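Computed from a predicted structure; not experimentally measured.
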Protein chains: 2
Amino acid sequence: MEHRIEKIKKQLHSQSYKLTPQREATVRVLLENEEDHLSAEDVYLLVKEKAPEIGLATVYRTLELLTELKVVDKINFGDGVSRYDLRKEGAEHFHHHLVCIECGSVEEIEEDLLLDVEKIVESQWGFEVKDHRLTFHGICRVCQKQAVTASSAEENKK
Amino acid sequence: MEHRIEKIKKQLHSQSYKLTPQREATVRVLLENEEDHLSAEDVYLLVKEKAPEIGLATVYRTLELLTELKVVDKINFGDGVSRYDLRKEGAEHFHHHLVCIECGSVEEIEEDLLLDVEKIVESQWGFEVKDHRLTFHGICRVCQKQAVTASSAEENKK
DNA sequence: TTGTTAAATAATAACGATTATCATTAACAG
DNA sequence: CTGTTAATGATAATCGTTATTATTTAACAA
Ligand SMILES: [Mn+2]
Ligand SMILES: [Mn+2]
Ligand SMILES: [Zn+2]
Ligand SMILES: [Zn+2]
């Protein structure tokens, strides 16, 4: 934890930004909720618990800054809000997501999986890939089981 | 063109929706600008040229309806607006996009490319894939050439 | 035709996420 | 200390989208 904050601090300093208390509080919230996909508002409310004096605008500004520095990735799952996702430590590329269209759960895939596809895109389309966004929409494991249970219950009724 | 409108008309009727003049005008605009990625506002302005009496809310409602029917896909490139993309005729899956981070151009890939990846996701994550969104961010062919030209010009100056 | 109903529409108000503005404060070099 | 610049907090403004409501249209039965 401290190690990662130290790293981010250096990234900020390298572009002559400071790690202010507000920025640090924001980063800590992101680190403590790494598995979630928080909106700016979500982050704001969590930061407020520790540093009640912080303003919403500062959270937005900090998230924007962290996005520029590629500490976080800004992502959009199609509900009306942007969400901020900490880059995995040492990850080359942004990770992928599995969004369940039944329950709304979001699972992560850290494996790259796209190496071959990117090669094809580079060679066949002459496009120099820098980053990617890949999201699958479908039915998660849990909802699949529920569907099976529901349909067998349906069978029994007959 | 007429053929595709006829098809969409049947899709609407199958869910007991009507192809009203406003809806038809909207669909025509989408068909005539199939290569673009229009926002709701863009569609509204183009429809207005032909049917000036149409309201913005109706365009939004129509686009929402067409999205439900999977005639169009709603997509978000990270600028603040949703864009609407007609499904390619007979396409199994939504197509992919190459977004240039230099000039903002958007290129399309109709080839699936994800068959293998989806198999892995299904088998390894137990996730039943229904749809996907894949966007690559990088440098398009044109901007790559410009970079080469610029750097060689730089060389000559020395 | 005429009246009855529900669906669809246009105009516009409301909403909500994000951004801009601006006065105040903190950090810091000289 | 003093001046300078970056950062912040409060809040107004913006802008894409959604909700509301009165009106129009289409379908259809009497
Ligand atoms: Mn994630
Ligand atoms: Mn497209
Ligand atoms: Zn689920
Ligand atoms: Zn380009």
### Near-ring test H137(B)/H132(A), centroid separation under 6.0 angstrom
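No, they do not, as the ring centres are separated by 6.0 Å or more.
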#### Entry: Separation of L113(A) CG from E118(A) CD (nearest 0.5 Å)
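Result: 10.5 Å between the selected atoms.
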Please state how far atom [atom1] in [X] lies from atom [atom2] in [N], giving the value in whole angstrom units.
X      : N       : atom1 : atom2 : result
L65(B) : dA8(C)  : CG    : C1'   : 11 Å
Y44(B) : dT18(D) : OH    : P     : 16 Å
E53(B) : dA11(C) : CD    : C1'   : 14 Å
L19(A) : dA26(C) : CG    : P     : 17 Å
K74(A) : dA17(C) : NZ    : P     : 14 Å
K18(A) : dT5(D)  : NZ    : P     : 12 Å
E24(B) : dT9(C)  : CD    : P     : 12 Å
L63(B) : dT9(C)  : CG    : P     : 12 Å

### Message
Quick check on K130(B): does its NZ atom have over 12 non-hydrogen neighbours (other residues, nucleotides or ligands) under 6.0 Å away?
### Response
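No, NZ of K130(B) has 12 or fewer neighbouring heavy atoms, counting only those of other groups under 6.0 Å.
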Using OP1 and OP2 only, check whether a side-chain N or O of [X] sits under 4.0 Å from [N].
X      : N       : answer
T20(B) : dA8(C)  : no
R23(B) : dA8(C)  : yes
Q22(B) : dA10(C) : yes
Y60(A) : dT18(C) : yes

### Query
Counting side-chain heavy atoms from CB outward, which of dA10(D), dT9(C), dA26(D) is closest to R61(A)?
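Ranking dA10(D), dT9(C), dA26(D) by closest atom to the R61(A) side chain puts dA10(D) first.
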### Task
Work out which heavy atom in Y84(A) is nearest to a heavy atom in S39(A); give both atom names and the distance.
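Looks like CD1-C, 4.4 Å.
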### Query
When we call it a touch if two heavy atoms are under 4.0 Å apart, what does S82(B) touch: a base, just sugar-phosphate, or nothing?
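If one applies the 4.0 Å heavy-atom cut-off, S82(B) turns out to touch the sugar-phosphate alone, with no base involved.
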### Query
Distance only, no hydrogens: is a donor on one side chain within 3.5 Å (strictly under) of an acceptor on the other, for H95(B) and H97(B)?
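The answer is yes; a qualifying pair exists.
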#### Entry: L56(A) vs A57(B), nearer the 5' end of DNA chain D by closest nucleotide
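The residue whose closest nucleotide sits nearer the 5' end is L56(A).
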